[in-house]
Amino acid sequence: MLDVKYLRENIDQVSQRLSLRGEKVDLSRFMEIEEHRRSLLVKGESLKSERNKVNDEIARLKKERGDTTGLISRMKGVSDEIKKIDGRISEISEELEGIVSFIPNIPHETVPAGMSDKDNIEVRKWGALPAFDFTPVDHADLGEKLGILDFARGAKLAGARFSLSVGAGAQLERALINFMLDLHTTEHGYTEVLPPFMVNSKTMTGTGQLPKFAADLFKVAETDYWLIPTAEVPVTNIYQDEIIEEEDLPIYRCAYTPCFRKEAGSYGKDTRGLIRQHQFNKIEMVKFTRPEESYRELEKLTDNAEEVLRRLGLPYRVVVLCTGDLGFSSAKTYDIEVWLPGQNSYREISSCSNYEDFQARRANIKYREKGKKGTRLVHTLNGSGLAVGRTAVAILENYQRADGSVEIPEALRAYMNGRTSIP
RNA sequence: GGAGAGAUGGCCGAGCCGGCUGAAGGCGCUCGCCUGCUAAGCGAGUGUAGGGGGUCAACUCCUACCGAGGGUUCGAAUCCCUCUCUCUCCGCCA
């Protein structure tokens, strides 16, 4: 959520920056309502001020057994008036809230302008693409032949976009989870957390999934619980409604969770294999930082995610998302794309974003500057480190051999009881 | 799921037969004084948010907030209702 005060004082500048997203945002209605809200606020507050003064007077008169009937009947009217104005204010605030919560974040000045993912810019590339002396197959075929992925039975259990991992397939995912968590906690300075996989509406709103993206989420019937689409949601909201001491910043958290997404609107896309599932495993890194440091921290965060791929020997590239492809809450995002021989293309495996104070304002996460009074909003960042299912896909496809077996990357063997290949 | 108790400022803890209580007292913290150092002692300060005024950082005034939301009342931390959470006991359960 953007700052209402900042918004009204920089209305032209903001709408110009937002137009780079290709998003049509009508800010005139916002200005109109905001002006109205403030004028009512002033009126209501001055009436309250009067009421408070007269109430003191009534209390004093009562003590002295004076006559208060005139004052009380006058205040009856004032009270009614206040009630009316407060009612109007809450109506208007609600509408205002509705408008503001649908306005996306302002792209950072270093974000390239562009309309779609075609305009994203590659910033670096790592690793040599594997050279096969046979035609590589995709992970779905490979996994089914190896008996480690069972899509038919996954669909039987739950439906389309669900799968069942078996034997070394299940072990591979578990190994990746442990490998990634160990790397981030022992070498990158993150503290591991294991959060709830369901959260309430307030928490979903704090990170920006609600109210705009309810259609992408699974909700548990007859409760206020939502299945998390990413660990970003519970982990960022750990500090919801809190004030952090400056010396505790930056805070690094990482978490393994399953993620649940409806994938509405992706019909016909990635219907094969593990690429796009309703449920998938992910390791997420989350940071809370001082505003001055957030962009430096974004670079480090992205590098932490890349390190996972380097250790696993998986070729990748990093792209910076253009203004038109940027997520709703993000000010700047790097996508890391891993090479998939089965698709002969790079596919997203991590998304690392700086939300600046957009989520912090919604979730009300602040910090107190040492030696200064007042509080400031923290900056929040997060990135996948990495999507586990897609990492498994990348390993199967990049490490496949002519006989249909798959080599296990060196770094992972200790996590798989020394196994060097599947089978 | 059933019965009961509770939720007050960074923390502890009064107030709860309605009216100078943003909130006693204590602890903590900050600044100053005192003191060879430390400790003790003395003095002052110490929440968040929104808004108005302003030679618009540091000034000033106002409003709101005692778990959340609603109600009664001229006036609610105090009375009533609903909800959430915590604790104790019972039941159930991995």
Side-chain angles (χ1 to χ4, degrees), chain A residues 1-11 30-97 99-101 194-206 210 220 222-226 234 237-249 258 290-292 357 360-378:
Chain A
M1 193 161 68
L2 296 176
D3 182 15
V4 168
K5 198 171 183 175
Y6 179 82
L7 202 50
R8 74 165 183 253
E9 285 168 3
N10 301 276
I11 192 80
F30 162 80
M31 283 303 271
E32 188 185 317
I33 298 177
E34 168 63 5
E35 288 303 327
H36 191 192
R37 187 185 69 91
R38 275 192 301 151
S39 74
L40 284 173
L41 216 51
V42 171
K43 204 162 146 196
E45 283 184 359
S46 74
L47 285 174
K48 281 177 188 173
S49 175
E50 186 195 350
R51 184 181 69 183
N52 288 343
K53 283 198 187 88
V54 175
N55 281 341
D56 288 348
E57 181 68 10
I58 291 172
R60 200 180 56 79
L61 282 173
K62 285 239 174 185
K63 218 177 220 168
E64 294 166 5
R65 299 171 179 284
D67 180 34
T68 57
T69 51
L71 285 178
I72 286 178
S73 71
R74 202 178 106 217
M75 282 306 103
K76 253 188 221 234
V78 172
S79 256
D80 287 347
E81 180 79 13
I82 288 172
K83 220 164 265 182
K84 258 184 237 157
I85 290 173
D86 277 350
R88 276 300 286 148
I89 289 174
S90 69
E91 276 171 35
I92 287 171
S93 298
E94 212 165 293
E95 188 181 347
L96 198 70
E97 180 83 13
I99 292 173
V100 175
S101 65
L194 183 62
F197 301 162
M198 296 189 276
V199 298
N200 59 33
S201 295
K202 185 181 178 194
T203 296
M204 275 298 180
T205 307
L210 291 179
V220 180
E222 286 163 35
T223 68
D224 186 39
Y225 298 142
W226 302 78
N237 280 288
I238 287 173
Y239 294 102
Q240 173 191 105
D241 293 324
E242 291 194 29
I243 299 169
I244 301 166
E245 295 303 327
E246 182 171 22
E247 61 233 46
D248 294 331
L249 295 176
R290 296 169 60 239
E292 290 76 12
D357 61 14
R361 184 171 297 105
R362 286 194 168 204
N364 192 25
I365 306 170
K366 298 179 178 161
Y367 76 100
R368 202 185 310 278
E369 285 184 291
K370 213 174 165 66
K372 292 189 186 168
K373 59 179 180 181
T375 57
R376 291 175 78 192
L377 292 163
V378 301

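Keep in mind that this is a model prediction, so the values were computed, not measured. Chain naming here is simple, since letters A, B, ... match the order of the sequence lines and numbering starts at 1 in each.
- Contacts of A/Arg8 with the nucleic acid, taken as non-hydrogen atoms under 4.0 Å apart, involve only primed sugar atoms and P, OP1 or OP2.
- Comparing B/rG71 with B/rU30, their C1' atoms sit 43 Å apart, to the nearest whole Å.
- Pair assignment for B/rG10: B/rC27, on the basis of Watson-Crick or G-U wobble contacts that are both within less than 3.5 Å.
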Self-check item: Test side-chain contact (heavy atoms from CB on, under 4.5 Å) applied to A/Lys53 and A/Glu57, step by step
Solution: CA-CA 6 Å; A/Lys53 283 198 187 88; A/Glu57 181 68 10; over 6 Å; no

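- B/rC16 and B/rA23 have their C1' atoms separated by 13 Å, given to the nearest Å.
- Protein chain A touches strand RNA chain B; the 5'-most and 3'-most nucleotides with an atom under 4.0 angstrom of its non-hydrogen atoms are B/rG19 to B/rG75.
- Summarising the base pairing, B/rU88 is matched to B/rA3 through a Watson-Crick or G-U wobble pair whose two defining distances lie under 3.5 Å.
- Counting any heavy atom pair closer than 4.0 Å across all strands shown, A/Lys366 reaches sugar-phosphate atoms only and no base atom.
- B/rC83 and B/rA24: their P atoms are spaced 33 Å apart (whole Å).
- If you find the closest nucleotide of RNA chain B to A/Asp56 and to A/Ser46, the one lying nearer the 5' end belongs to A/Asp56.
- Residues satisfying the side chain to side chain donor-acceptor pair (under 3.5 Å) criterion with A/Arg51, sequence neighbours excluded, are absent altogether.
- Residues meeting the ring pair (Phe, Tyr, Trp, His ring centres under 6.0 Å) test with A/Tyr367, sequence neighbours left out: none.
- Residues passing the side chain to side chain donor-acceptor pair (under 3.5 Å) test with A/Glu242: none are found, sequence neighbours excluded.
- The separation of B/rC62 from B/rU72, taken at their P atoms, amounts to 29 Å, rounded to a whole angstrom.
- As rounded to the nearest Å, B/rC20 and B/rC27 have C1' atoms that lie 27 Å from one another.
- Using C1' as the reference atom, B/rC87 and B/rC33 are 46 Å apart when rounded to the nearest Å.
- As judged by a 4.0 angstrom heavy-atom cut-off over every strand, A/Ile58 is placed among the base-contacting residues.
- Across the C1' atoms, B/rC66 and B/rU60 are found 27 Å apart, a figure rounded to whole Å.
- Considering every non-hydrogen atom in both A/Val378 and A/Ala360, the closest pair reads O-CB, 3.2 Å.
- The list of side chain to side chain donor-acceptor pair (under 3.5 Å) pairs with a residue in residues 73-85 of chain A, not counting sequence neighbours, reads A/Glu50-A/Arg74.
- Checked against side chain to side chain contact (heavy atoms under 4.5 Å, CB included), A/Asp56 has no partners two or more places apart in sequence or in another chain.
- Within 4.0 Å of A/Lys83, counting heavy atoms only, lie sugar-phosphate atoms of the nucleic acid but no base atom.
- Atom C1' of B/rG4 sits at a distance of 23 Å from the matching atom of B/rC93, rounded to the whole Å.
- A/Thr68 comes within 4.0 angstrom of nothing in the nucleic acid, heavy atoms only.
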